[in-house]
Amino acid sequence: MTVVTIIGAVGLLVQAVIGLSYFISCIWEKEKRATVFAFLQFLGMSALFIFYLHLLRIGFFDTNIGLGILIAGYVVVLLVVFLLVKRTAPNQRALKGTKGLIAGEVRRHDERTQVFARNRSLRPGSEQYKAFYMKYPEYEEYDRRRRQLGGPLGHPGAIDRPHQGPNVAATLASQSIPLHLSTSDAFNPEPHPEFKGKRLELSPEEATERVKGYARSRGADLVGITEINPLWLYSHRGEIFHENWEDWGKEIKVKHNYAIVFATEMSFEMVGTGPHSPTMIESMGNYAQGAYIATQLAHFVANLGYSATASHLRHYDALMVPLAVDAGLGELGRLGYLITKEFGPRVRVGAVTTDLPLIPDKPVDIGVEDFCRICKKCAVCCPSSSIPPEKDQTVVNGSLRWKLNEETCFEYWGKIGTDCNICMRVCPWSHARTFPHRIIVALITRNRVARRIFSVMDDIFYGKRPRSKASPNWAQFNMERAG
Ligand code: SF4
Ligand code: SF4
């Protein structure tokens with residue numbers, strides 16, 4: 001045996017082991033279709049390895065033909081590896097963050113026009129109701145119809161009737177946390193009397209290390225810093241939770257120049273059930289965690305002697321996704337969510353804005369824009385056709401994006417009684433970060449060819465319209481056991 005033939009054997013053994021790890025990963029992910037394909041793939045890879053050993057044993061590679069085939073095999077493998085691993089030209093637009101997406105005049109978003117604020121805060125017959133629809137008559141008929149379906153989640157859990165009760169109870173339990181933390185003394189904290197009037201002098205480097213470390217210690221999975229682009233702050237308050245109607249329509253002033261933005265991972269298992277009720281438990285659980293982290297982080301910064309405001313489910317001063325993009329947490333995907341390298345779109349985002357001087361992070365290019373151009377899976381699977389299937393983004397309010405139709409999406413939520421999350425579930429970036437998926441993510445974040453190959457592979461292994469999965473027993477929604 002020569003070194004050349006040994007390298008070939010080791011290479012084939014490694015690919016068979018990766019095939020085996022993918023097969024195990026699919027079983028763990030409870031992906032039935034992918035498990036079958038992964039098993040066939042593993043069989044093929046193992047057969048190739050065994051066949052190679054057989055050829056080695058009979059001395060085939062000692063013949064001229066055998067050596068020629070072996071060398072040709074090496075050339076093909078090296079070429080494929082080079083094509084998949086080589087870092088292709090970066091997306092300069094992504095590296096500029098949201099500045100790279102701005103293509104015209106951007107008007108700040110008015111929170112009053114946001115679907116949740118319209119549904120939750122505007123009460124028919126109230127002064128605000130009349131004032132709003134006088135200004136925006138185009139929303140009135142839609143909002144009237146949508147209100148008949150109920151609040152943001154319609155009649156919660158409706159899709160899983162008659163067994164939705166426990167999952168609705170769990171959702172409401174998590175939802176209670178952000179509400180508890182939505183008073184101004186919670187989101188806009190004063191320092192403890194011990195620290196009142198004192199300011200700790202910290203270098204931006206030290207302050208950055210401390211706030212990031214603290215956020216992580218409280219449960220944030222990803223943390224980044226950005227200088228705030230005022231375009232992403234809401235212009236006027238529209239969400240009212242404590243009868244503080246004097247705040248409705250109040251201008252939101254730019255008072256901070258930095259944002260500490262963080263994300264928490266949503267459970268792969270729970271999101272996998274979307275659009276069924278476990279996915280809404282997971283969304284609300286993550287919002288609760290976000291409120292918990294943001295509130296403590298704001299108090300931490302206030303006790304350092306600086307101004308800080310927490311942004312979470314029950315109090316936003318800004319749009320979270322653009323801030324997260326600028327803070328280098330990921331890129332904006334076709335489905336309208338942030339897509340991160342670590343967890344794909346399976347995250348929820350929160351933030352603290354502050355005047356504490358910090359070191360901003362740089363936006364990242366992880367290949368999302370290019371991947372979304374070829375993938376379109378979320379658009380294909382969206383039951384309300386709310387995600388545009390066109391190849392390229394369009395300019396909406398001065399910035400480039402695939403514009404989600406919030407009205408049709410929100411209407412679908414109202415019908416099924418959950419926040420759906422099908423788009424999040426089917427996104428190829430959402431797979432659990434098992435060893436083989438980590439390899440795939442490493443390749444697609446750096447290489448265009450890999451994106452094209454793995455986009456097709458995802459359709460083959462998981463299907464063009466992947467099915468939702470069973471939930472953990474404690475959150476089951478079909479209640480087959482109950483009969
Ligand atoms: S499903 Fe595909 S197109 Fe949609 S966000 Fe994910 S990668 Fe982009
Ligand atoms: S949440 Fe559901 S309805 Fe809304 S865009 Fe995603 S897939 Fe479509």
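When a ligand or atom number is given, it counts from 1 through the structure's own listing order.
- For E269, the side chain to side chain contact (heavy atoms under 4.5 Å, CB included) test picks out K30, S267, P472, with sequence neighbours left out.
- None of T353, I293, V211, T208 except one satisfies the side chain to side chain contact (heavy atoms under 4.5 Å, CB included) rule with I260; the exception is V211.
- We find that D326 and K96 are not joined by a salt bridge, their nearest charged nitrogen and carboxylate oxygen being 4.0 Å or further apart.
- Neither the backbone nor the side chain of Y337 has any atom closer than 4.0 Å to an atom of ligand 1 (non-hydrogen atoms only).
- Ion pairing between R348 and D419 holds under the 4.0 Å rule for side-chain N and carboxylate O.
- Those atoms of ligand 1 that come under 4.0 Å of a heavy atom in F371, given as number and element, are 7 (S).
- Looking at E140 and K130, no side-chain N of the basic residue comes within less than 4.0 Å of a carboxylate O on the acidic one, giving no salt bridge.
- Residue-environment remark: OH (Y136) exceeds the threshold of 12 foreign heavy atoms within 6.0 Å.
- In summary, the atoms of ligand 1 found under 4.0 Å from a heavy atom of W429, numbered by their order in the structure, are 7 (S).
- Under 4.0 Å is where a charged nitrogen must lie from a carboxylate oxygen, and between E369 and R334 no such pair does.
- Distances below 4.0 Å separate heavy atoms of C427 from the following atoms of ligand 1: 1 (S), 6 (Fe), 7 (S).
- Counting the atoms of ligand 2 from 1 in the order shown, those under 4.0 Å from a heavy atom of P383 are 7 (S).
- Atom 2 (Fe) of ligand 1 has an N, O or S atom of C375 closer than 2.8 Å.
- Listed by number with element, the atoms of ligand 1 under 4.0 Å from a non-hydrogen atom of K376 are 2 (Fe), 3 (S).
- Taking the ring pair (Phe, Tyr, Trp, His ring centres under 6.0 Å) definition, one finds that Y133 meets it with Y129, sequence neighbours left out.
- Contact annotation: for V368 versus ligand 1, there are no heavy atoms closer than 4.0 Å.
- For R237 and D247, the salt-bridge test fails: no basic side-chain N is under 4.0 Å from an acidic carboxylate O.
- Residue C372 has at least one heavy-atom neighbour below 4.0 Å for each of these atoms of ligand 1: 3 (S), 5 (S), 7 (S), 8 (Fe).
- Using a cutoff of 4.0 Å between basic side-chain nitrogens and carboxylate oxygens, R452 and D370 are scored as salt-bridged.
- Close contacts of ligand 1 with I339, meaning ligand atoms under 4.0 Å from a residue heavy atom, involve 5 (S).
- Within a radius of less than 2.8 Å around atom 6 (Fe) of ligand 2, the protein N, O or S atoms are C423 SG.
- In terms of the side chain to side chain contact (heavy atoms under 4.5 Å, CB included) criterion, residue partners of V81 (sequence neighbours excluded) are, by chain and number, V77, V85.
- F410 does not count as a contact of ligand 2, since none of its heavy atoms falls under 4.0 Å from the ligand.
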